[in-house]
Amino acid sequence: MQGLLAGKRIVVMGVANERSIAWGIAKAAHREGARLIFTYRKERSLQKLDQLLAASGIDPLLRVACDVADDASVARAFADIGEQVGTIHGLVHSLAFADHKELQGEFVQTSRAGYHLAQDVSAYSLVAVARAARPLFREGGSIVTQTYIGAERVVPNYNVMGVAKAALEACVRYLARDLGPDGIRVNAVSSGPVRTLSAKGVAGFNDVLAAVEQKAPLRRNIDQDEVGDATVFLLSHLSRGITGEVLHVDAGYHILGF
Ligand code: NAP
């Protein structure tokens, strides 16, 4: 098999359906010759994943349940991956969660429970997963997570998730320092808005898409496949000198001051 990721075994977390950013990444990684391991949370996501795999001719090395909010589930999933697959070379963390009630109105109204939930699933999970995966990166490798401009700027309604993404980006830097000596790089892609199941939970999401189309230097929105290609770059040898970085794939929207 030829390609930028030929011979690499990569764990992809977060395919819920064909619109998922993780599915765009999985397609690009497969095209570049990677063998894929998928994790899922809901049974419904597994069913969707199986349909997508069958339709696209991707033969996964493994599909394994993993709820990142549950330490035992994370431990079990990576123990299974270790036993059944062995060494891995890449990990894609493409998941997040917040109560939809927190994704509207004023940020100042954020509840303690809503804050904790968003941080736990959307930011701390990267730490838990990186720790569990570390022993499987016997030849070094690359971890890539997905973030959003709401980490850096105020995006109305994104609220508690913006704060969780800010924590996620800080986690990327701290993890990059810890895991660098093991030859493991840790980076994030900051994607522009993409219409996915999760995005539907953010109030006013259509307004965000319209603003990007109107103002971004490229005058358009981006899609899952573009995020997939950028993530492949970060998973591949081509980015071997890059760690602790946030790469924007947003048609240039983040550079604007007004
Ligand atoms: P998506 O298709 O809805 O995917 C979200 C995934 O998170 C689902 O597969 C879901 O699994 C998983 N998940 C939620 N809670 C989980 C848990 N406790 N344990 C394990 N998995 C869990 O939405 P998406 O937009 O592709 O989101 C992927 C990532 O991209 C997220 O980090 C998101 O913040 C980020 N991102 C999205 C956008 C955008 O505009 N869409 C922009 C920038 C960044 P189940 O369905 O099985 O629960």
Side-chain angles (χ1 to χ4, degrees), residues 11-27 38-50 52 63-74 76-78 91-100 103 116-126 128-129 132 143-153 155 157-169 171-172 188-209 211-212 221-228 230-231 246-251 253-254:
V11 179
V12 178
M13 312 184 75
V15 177
N17 60 33
E18 70 284 358
R19 289 174 178 261
S20 294
I21 286 176
W23 183 242
I25 297 167
K27 285 187 294 178
F38 291 90
T39 76
Y40 61 91
R41 178 175 63 151
K42 294 184 189 147
E43 280 303 313
R44 189 180 140 71
S45 299
L46 176 60
Q47 286 168 14
K48 282 275 181 193
L49 174 64
D50 282 346
L52 291 171
R63 296 128 59 251
V64 61
C66 182
D67 181 347
V68 297
D70 176 355
D71 284 336
S73 175
V74 173
R76 231 178 2 253
F78 283 88
L91 186 143
V92 174
H93 173 277
S94 183
L95 50 87
F97 189 78
D99 189 324
H100 72 95
L103 301 173
H116 284 167
L117 178 64
Q119 287 283 339
D120 187 20
V121 176
S122 313
Y124 176 73
S125 65
L126 181 68
V129 162
I143 297 175
V144 184
T145 188
Q146 299 296 321
T147 185
Y148 182 58
I149 196 173
E152 306 163 58
R153 312 268 167 85
V155 176
N157 302 313
Y158 200 61
N159 295 353
V160 72
M161 190 56 85
V163 177
K165 291 298 190 192
L168 179 72
E169 293 182 12
C171 290
V172 164
V189 168
S190 185
S191 161
V194 178
R195 203 187 295 279
T196 63
L197 206 58
S198 296
K200 274 192 199 161
V202 184
F205 185 74
N206 287 339
D207 299 339
V208 175
L209 286 171
V212 172
N221 280 288
I222 57 93
D223 63 25
Q224 291 84 334
D225 294 335
E226 292 171 300
V227 181
T231 303
V246 177
L247 175 63
H248 293 81
V249 181
D250 65 351
Y253 189 78
H254 72 284

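Just so you know, ligand 1 is whichever comes first in the structure, and atom 1 is the first atom listed for that ligand. If you read the sequence from its start, that first residue is 1, and numbering goes on from there. Scope of the values below: all heavy atoms of this structure, side chains included, with no hydrogens, waters or symmetry mates.
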Between Glu226 and Ile222, which heavy-atom pair has the shortest distance, and what is it? OE1-CA, 3.1 Å
To check your reading of the model: name the closest protein heavy atom to [atom], its residue, and the distance in Å.
atom                    : result
atom 46 (O) of ligand 1 : Ser45 OG, 3.1 Å
atom 16 (C) of ligand 1 : Arg41 NE, 3.5 Å
atom 20 (C) of ligand 1 : Cys66 O, 3.3 Å
atom 35 (C) of ligand 1 : Gln146 CB, 3.8 Å
atom 38 (C) of ligand 1 : Ile21 CD1, 3.8 Å
atom 2 (O) of ligand 1  : Ser20 OG, 2.6 Å
atom 5 (C) of ligand 1  : Ser198 OG, 3.4 Å
atom 21 (N) of ligand 1 : Leu95 CD2, 3.7 Å

Distance filter under 4.0 Å to [X] heavy atoms, resulting ligand 1 atoms:
X      : result
Asp67  : 17 (C), 18 (N), 19 (N)
Pro193 : 40 (O)
Ser94  : 6 (C), 28 (C), 29 (C)
Thr196 : 23 (O), 24 (P), 25 (O), 26 (O), 41 (N)
Val15  : 9 (O)
Ala16  : 2 (O), 8 (C), 9 (O), 46 (O)

Look at ligand 1 and say whether Gly192 reaches it with a heavy atom at a distance under 4.0 Å. yes
Could you establish whether Lys165 and ligand 1 come within less than 4.0 Å of each other, counting only heavy atoms on the residue side? yes
I'd like to know if the side chain of Arg44 pairs up with that of Asn17 as donor and acceptor (distance under 3.5 Å, no hydrogens or angles considered). no
